[in-house]
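Okay, so here's the structure we're looking at.
Any value given below was found using the heavy atoms of this structure, including those in side chains, with hydrogens, waters and symmetry copies removed.
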Amino acid sequence: MRRILMGLLGLMLMFVVSGCGITTALDTYSFGNKVVNVGASEIIVPTPFDLGKLANPTITDDGYPITVYQNGDANFITTIKAMTAAPGKPLPTPLARAEYSRDHEYKHYFGDSLQWENTAITLDGVPAVESTGLYTVKNKQIRFLQYTFISNGVLWNIAYQYAADSTVGAEALKLVEGKIQIIKKEG
């Protein structure tokens, strides 16, 4: 009997040490890269999902043609928006678009719960704005990371979002953060 108990304790210890029962982002998702082409611009975006494209480009509230790719689940959401200039309407700067996104998209839906910070960065050699923050929807806190930059006449906005209490979502973000590749650089 003692041998059986010691054997069971040994197995339990092995499960605890090996992390049995703990779900990680690598257990949950098959990470890959989505190659996206709009106009003369091409980017590669790491994501745990195959992203779907909206059937037709739409127009933003402020009049720009936009193509959108998106997919997600309860732990993580990836969204890619590619905006092009409208006739007689040049593209805004990445900072101006990040602020527009904050003021007209996020704040509109999430109001005073929104916390937002913009940081100027270089993403794969291209000047960009990294926006990070937190908002609450239906009593659930959501963290996000968003990159906004221009490449060959396309203003890109790539956003990753996850539930603040999701360890899988937080780990997924660490696996994709800062890894966007900009293939056709300006210049």
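In this structure, the separation between CD on Gln115 and CZ on Phe110 is 13.5 Å, given to the nearest 0.5 Å. Taking CD1 of Ile150 as the start and CG of Leu155 as the end, the distance is 4.5 Å to the nearest 0.5 Å. Within the model, atoms CD1 of Ile80 and OG1 of Thr47 stand 7.0 Å from one another, a figure rounded to the nearest 0.5 Å. One distance of note links NZ of Lys107 with CG of Asp112; it measures 8.0 Å at 0.5 Å rounding. The OG1 atom of Thr148 lies 9.5 Å from the NZ atom of Lys81; values are rounded to the nearest 0.5 Å. We find the CD1-CG distance between Ile183 and Asn152 to be 11.5 Å, quoted to the nearest 0.5 Å.
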field: Test log, rule salt bridge (charged side-chain N to carboxylate O under 4.0 Å, His left out), inputs Lys140 and Asp165
entry: CA-CA 9 Å; Lys140 188 167 189 97; Asp165 63 355; 3.7 Å; yes
- prompt: After noting the C-alpha distance and the side-chain angles of Ile180 and Asp124, does the key distance pass the side chain to side chain contact (heavy atoms under 4.5 Å, CB included) rule?
  reply: CA-CA 7 Å; Ile180 296 167; Asp124 196 25; over 6 Å; no
task: For the pair Ile59 and Ile66, evaluate side chain to side chain contact (heavy atoms under 4.5 Å, CB included) and give the outcome as yes or no after the intermediate values.
output: CA-CA 6 Å; Ile59 302 295; Ile66 190 167; over 6 Å; no
- request: Walk me through it: do Leu91 and Met83 pass the test side chain to side chain contact (heavy atoms under 4.5 Å, CB included)?
  value: CA-CA 8 Å; Leu91 287 174; Met83 191 169 79; 4.1 Å; yes
- request: Just do the side chain to side chain contact (heavy atoms under 4.5 Å, CB included) check on Leu51 and Gln70 with the steps written out, would you?
  value: CA-CA 5 Å; Leu51 301 176; Gln70 187 174 41; 5.7 Å; no
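The hydrophobic clustering, which links ILVMFWY residues whose side-chain heavy atoms are closer than 4.5 Å, places Phe49 and Ile43 together. Note on Val36: it clusters hydrophobically with Val154, by side-chain heavy-atom contacts below 4.5 Å among ILVMFWY residues. A chain of hydrophobic side-chain contacts below 4.5 Å, direct or via other Ile, Leu, Val, Met, Phe, Trp or Tyr residues, connects Leu175 to Phe76. Leu173 is connected to Leu123 through a chain of hydrophobic side-chain contacts under 4.5 Å among Ile, Leu, Val, Met, Phe, Trp and Tyr, so both are in one cluster. Note on Ile77 and Tyr109: separate hydrophobic clusters, where clusters join Ile, Leu, Val, Met, Phe, Trp and Tyr whose side-chain heavy atoms are under 4.5 Å apart, directly or indirectly.
Side-chain N/O atoms of Tyr162 and Glu171 include no donor and acceptor closer than 3.5 Å. Between the side chains of Ser41 and Trp156, at least one donor-acceptor pair of N or O atoms lies under 3.5 Å.
Residue Ala85 comes nearest to Pro90 through the heavy atom pair CB-CA, 4.3 Å, listed as atom of the first residue, atom of the second, then distance. Closest approach of Ile142 to Ala163, counting heavy atoms only: CD1-CA, 4.0 Å. Contact detail for Tyr64 and Thr84: the closest heavy-atom pair is CD2-O, 3.4 Å.
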Atom pairs and distances, donor-acceptor, side-chain atoms in residues 126-134, under 3.5 Å, two or more places apart:
| residue | atom | partner | partner atom | Å |
| --- | --- | --- | --- | --- |
| Ser131 | OG | Asn118 | OD1 | 2.6 |

Pairs under 3.5 angstrom only: tabulate donor-acceptor contacts from the side chains of residues 95-102 to other protein residues two or more places apart or in another chain.
| residue | atom | partner | partner atom | Å |
| --- | --- | --- | --- | --- |
| Arg97 | NH1 | Asp62 | OD1 | 3.3 |
| Arg97 | NH1 | Asp62 | OD2 | 2.7 |
| Ser101 | OG | Glu105 | OE1 | 3.1 |

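Other residues, nucleotides and ligands contribute over 12 non-hydrogen atoms within 6.0 Å of the NZ atom of Lys89.
Taking the six-membered ring where the residue is Trp, Tyr160 and Tyr147 present perpendicular rings, their angle passing 60° and hence far from 30°.
The side chain to side chain contact (heavy atoms under 4.5 Å, CB included) search around Lys179 returns Pro46, not counting sequence neighbours.
Glu177 is listed as a side-chain neighbour of Leu145, based on a closest heavy-atom distance under 4.5 Å.
Listed for the Asn37 side chain is no donor-acceptor partner under 3.5 Å among the backbone atoms of Glu42.
Ring centroid separation for the pair Phe144 and Tyr106 comes in under the 6.0 Å cut-off.
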